[in-house]
Asks: 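First the structure, then my questions, so here it is.
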Protein chains: 2
Amino acid sequence: MAAYAGVSRSTASRALNDDAYVSSRAKEKVLGAARELGYSPNQAARSLVTRRTGAVAVVLSEPESKVLDDPYFATVMHGAYRELSATGVQMLLMFVDSREDVPRTIRFLEGGHVDGAMVFAPHQGDPLPTALRLLRLPVVYGGRPGSVRRGVHAVDFDNRAGARMAVRHLLSTGRRRIATVTGMLDHPAAADRLAGWQDALIEFGLDPAGLSEAGDFLMASGERAMTALLERAPDLDGVFAASDAMAAGAMRAIRAAGRRVPDDVGVIGFDDQPTLAPAMNPPLTSVHQDPREQIRHMVRTLMSLLAGDTVRPDTTVLPVTLTVRDSA
Amino acid sequence: MAAYAGVSRSTASRALNDDAYVSSRAKEKVLGAARELGYSPNQAARSLVTRRTGAVAVVLSEPESKVLDDPYFATVMHGAYRELSATGVQMLLMFVDSREDVPRTIRFLEGGHVDGAMVFAPHQGDPLPTALRLLRLPVVYGGRPGSVRRGVHAVDFDNRAGARMAVRHLLSTGRRRIATVTGMLDHPAAADRLAGWQDALIEFGLDPAGLSEAGDFLMASGERAMTALLERAPDLDGVFAASDAMAAGAMRAIRAAGRRVPDDVGVIGFDDQPTLAPAMNPPLTSVHQDPREQIRHMVRTLMSLLAGDTVRPDTTVLPVTLTVRDSA
DNA sequence: CCGAAATCTGGGAGCGCTCCCAGAACGGGA
DNA sequence: TCCCGTTCTGGGAGCGCTCCCAGATTTCGG
């Protein structure tokens, strides 16, 4: 190929990587030859010497059922692919379903197959973040990792403020008995949302006691939890669910109990899932977060890290907004 | 590392790749040293000489909205990851959202970054399969590709037989006016399901005229189509929807028209989505297909191809079953 | 018009591995 | 005991690229 262009391998390499000190004439010749020959450089040979792979791992550490069910992860995968390929980086997707997957994953990540990783590992007891600390591989977390707190790069949403906003909105319509259905509490986001609900009630001088019920982010748990809440506190007039799916379940329970949404009970969800929240009946008021924005931040941070910039390890907190529809 | 184990690089290499002609003593020494040193071979150097990357691309050629919405794709991604990593192959996920993505994708695939590809490209006009024919890269399709018919490896479901089974089931409960809501008809699966519906009606001497309405696989289109059908044929007593989501939409329309499921109108879906079909009210009778089985077949075929076996290019058709619940 | 600085080019080394080949060690039958 | 086939080992070449360095060429101020 260098021969075909009539230059040395060195010059060809420089032209292809647009280095400094290449005459425009040589560059043109090389690029022309490459086009004519349909030449594309051998990635393996290149990585061998540059010690860069041009690939980044996206690690989803959640049980299978969750990943398949939650459209958030579909958005994450797709968004990560788009953002990464826009910067010329290949995405390597990895799933970690159970503790047994951890060693294999670690081995792969330290095997020099990737330049860095974007990790979603929200559970408290997840061994992955701890294991990852020992590697010297640039890692950016999506959402505050459950197990490791400080000294890591993370991009999270302001779950607590979002929950506060939701509850304040319910309060602003005159409701005073506001319950919550939480997510799994070993999940920092769930804990933060619970805290935000509590913040707003206390701020208003109200007593949160007995008005919280644990769910697991999925619809069925929302229905179950809401049924329990209605039994325990028949006078409740509002509910904040830590996910849209649970809000949907809660609505079913409310109707089953012969109450109306929003007339008798106001309902607010979290996530503002585009395929779910607006399609509900009535359309769901929900705390809106933008996963694409999160991904963008994560990619940007990782790219700085890969470029060798010293970025102070920190958690970036992205703002959320309240999308008001008819359910509250 | 070879030095540490006290053997030559050749012997170390042989031990690590468990080649023939290595004494068990040498092998033990090498493996022991590797463990002690936390050594893992440099993938780039290895690919450089073997001309194998140990990676396979999974290409999803569908518009973004579809990929994010359809749990089938989540299952595909996750299943493909599991099956591939079980055979020691890395998965590279690629999305092709629009025609503009095609050249970039082709360039990547022919750039020698992967050993083969598993492609999901169901649309009739999709330019990707045609472009892929020119590459000499082993490709296995998931579902019959829309544009290229023969001479390719594909693993499809028996959509036509599945639809036939569904309609026969409706017929067996005494229903005689059975409508269908189709998927996008540029999608071979949708066309096959429509054909199967027609097969069963004709087989029973019934006239399908006016009882079919086009949808797009999503819930909203099911509702819309069903409303139209009920208006056009108020006497209908059964409906076969080409997806579970459309079946859900159809149920809403049926209720909105003051009819009951299954008493007045029997409903059957397709896909038997685990998170949707059993959770519906009433639980949905649906044609069951197993995406994991499809993936397994695809991976197996691709592996044979990579091993250099000559596999006759052909479409494997996987059987489907009918899961009977309460909606019909 | 000269010399030094800036710009450009090609040769050579080497990244870490696998594969080929020649030769050493081993084993068993004549 | 010797010979031949089998099993095992190490050395060397080379995969295709980038990077370093030395030398060639151009540019430009004095």
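All values below come from the heavy atoms of this structure, side chains included, with hydrogens, waters and symmetry mates left out.
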Asks: Applying a 4.0 Å non-hydrogen cut-off, can you work out what A:Ala26 is touching in the nucleic acid: base, sugar-phosphate, or nothing?
Replies: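 If one applies the 4.0 Å heavy-atom cut-off, A:Ala26 turns out to touch the sugar-phosphate alone, with no base involved.
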Asks: How many Å lie between CG on A:Asn42 and C1' on C:dC17, as a whole number?
Replies: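 So the two atoms are 13 Å apart, to the nearest Å.
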Asks: Check this for me: does any side-chain nitrogen of one of B:Arg292 and B:Asp290 sit under 4.0 Å from a carboxylate oxygen of the other?
Replies: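 Salt bridge between B:Arg292 and B:Asp290, a charged N being under 4.0 Å from a carboxylate O: no.
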Asks: Taking NZ, NE, NH1 and NH2 as the nitrogens, is one of them in A:Asp97 or B:Arg82 under 4.0 Å from a carboxylate oxygen of the other?
Replies: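 Yes, charged N to carboxylate O under 4.0 Å.
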Asks: From C-beta outward on A:Arg14, which listed nucleotide comes closest to its side chain: C:dC17, D:dC21, D:dC17?
Replies: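 Looking only at side-chain atoms, A:Arg14 lies closest to D:dC21.
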Asks: Are B:Arg51 and B:Asp115 within salt-bridge range, i.e. N to O under 4.0 Å?
Replies: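 Not counted as a salt bridge, because no side-chain N and carboxylate O are separated by less than 4.0 Å.
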Asks: When you match B:Leu48 and B:Ser10 each to their closest nucleotide on DNA chain D, which lands nearer the 5' end?
Replies: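 That would be B:Ser10.
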Asks: Kindly assign one of parallel, tilted or perpendicular to the pair B:His123 and B:His187, based on the angle between their ring planes and the thresholds 30° and 60°.
Replies: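 Rings of B:His123 and B:His187: perpendicular, as their planes differ by over 60°.
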Asks: If we check side-chain contact (heavy atoms from CB on, under 4.5 Å) with A:Val56, which of these qualifies: A:Leu92, A:Val114, A:Val140, A:Leu302?
Replies: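 In the set A:Leu92, A:Val114, A:Val140, A:Leu302, the residue that makes a side-chain contact (heavy atoms from CB on, under 4.5 Å) with A:Val56 is A:Leu302.
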Asks: Are OP1 or OP2 of D:dC15 and a side-chain N or O of B:Arg46 less than 4.0 angstrom apart?
Replies: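 Checking B:Arg46 against D:dC15: no side-chain N or O falls below 4.0 Å of OP1 or OP2.
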Asks: Is B:Arg52 near enough to C:dT18 that one of its side-chain N or O atoms lies under 4.0 angstrom from OP1 or OP2?
Replies: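 It does not, given that no N or O in the side chain of B:Arg52 lies less than 4.0 Å from OP1 or OP2 of C:dT18.
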Asks: Where each residue is assigned the nucleotide of DNA chain D containing its nearest heavy atom, which of B:Ser8 and A:Asn17 is assigned the position nearer the 5′ end?
Replies: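 Checking each residue's closest nucleotide, the 5'-ward one belongs to B:Ser8.
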Asks: Please tell me if A:Tyr21 has a side-chain N or O lying less than 4.0 Å from either OP1 or OP2 of C:dG10.
Replies: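 Answer no for this pair, as no side-chain N or O of A:Tyr21 is under 4.0 Å from OP1 or OP2.
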Asks: From CG of B:Asp19 over to C1' of C:dC20, roughly how many Å is that when rounded to an integer?
Replies: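 In whole Å, C:dC20 C1' lies 13 Å from B:Asp19 CG.
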Asks: Is A:Thr50 close enough to C:dC15 that one of its side-chain N or O atoms is under 4.0 Å from OP1 or OP2 there?
Replies: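 Result: no.
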Asks: Would you say the side chain of A:Arg9 and the base of D:dT18 hold a donor-acceptor pair, judged only by whether the two atoms sit under 3.5 Å apart?
Replies: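 Present.
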Asks: Under 4.0 Å: is that the gap between some side-chain N or O of A:Thr11 and OP1 or OP2 of C:dT9?
Replies: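 So the side chain of A:Thr11 is outside the cut-off, no N or O lying under 4.0 Å from OP1 or OP2 of C:dT9.
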Asks: Mapping A:Gly6 and B:Gln43 to their closest nucleotides on DNA chain C, which lands nearer the 5' end?
Replies: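 This one resolves to A:Gly6.
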Asks: Would you say A:Ser13 places a side-chain N or O within less than 4.0 Å of OP1 or OP2 belonging to D:dT18?
Replies: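 Affirmative; the distance criterion is met.
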Asks: Across the strands shown, which category fits A:Arg51 at heavy-atom distances under 4.0 angstrom: base, sugar-phosphate, nothing?
Replies: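 If one applies the 4.0 Å heavy-atom cut-off, A:Arg51 turns out to touch the sugar-phosphate alone, with no base involved.
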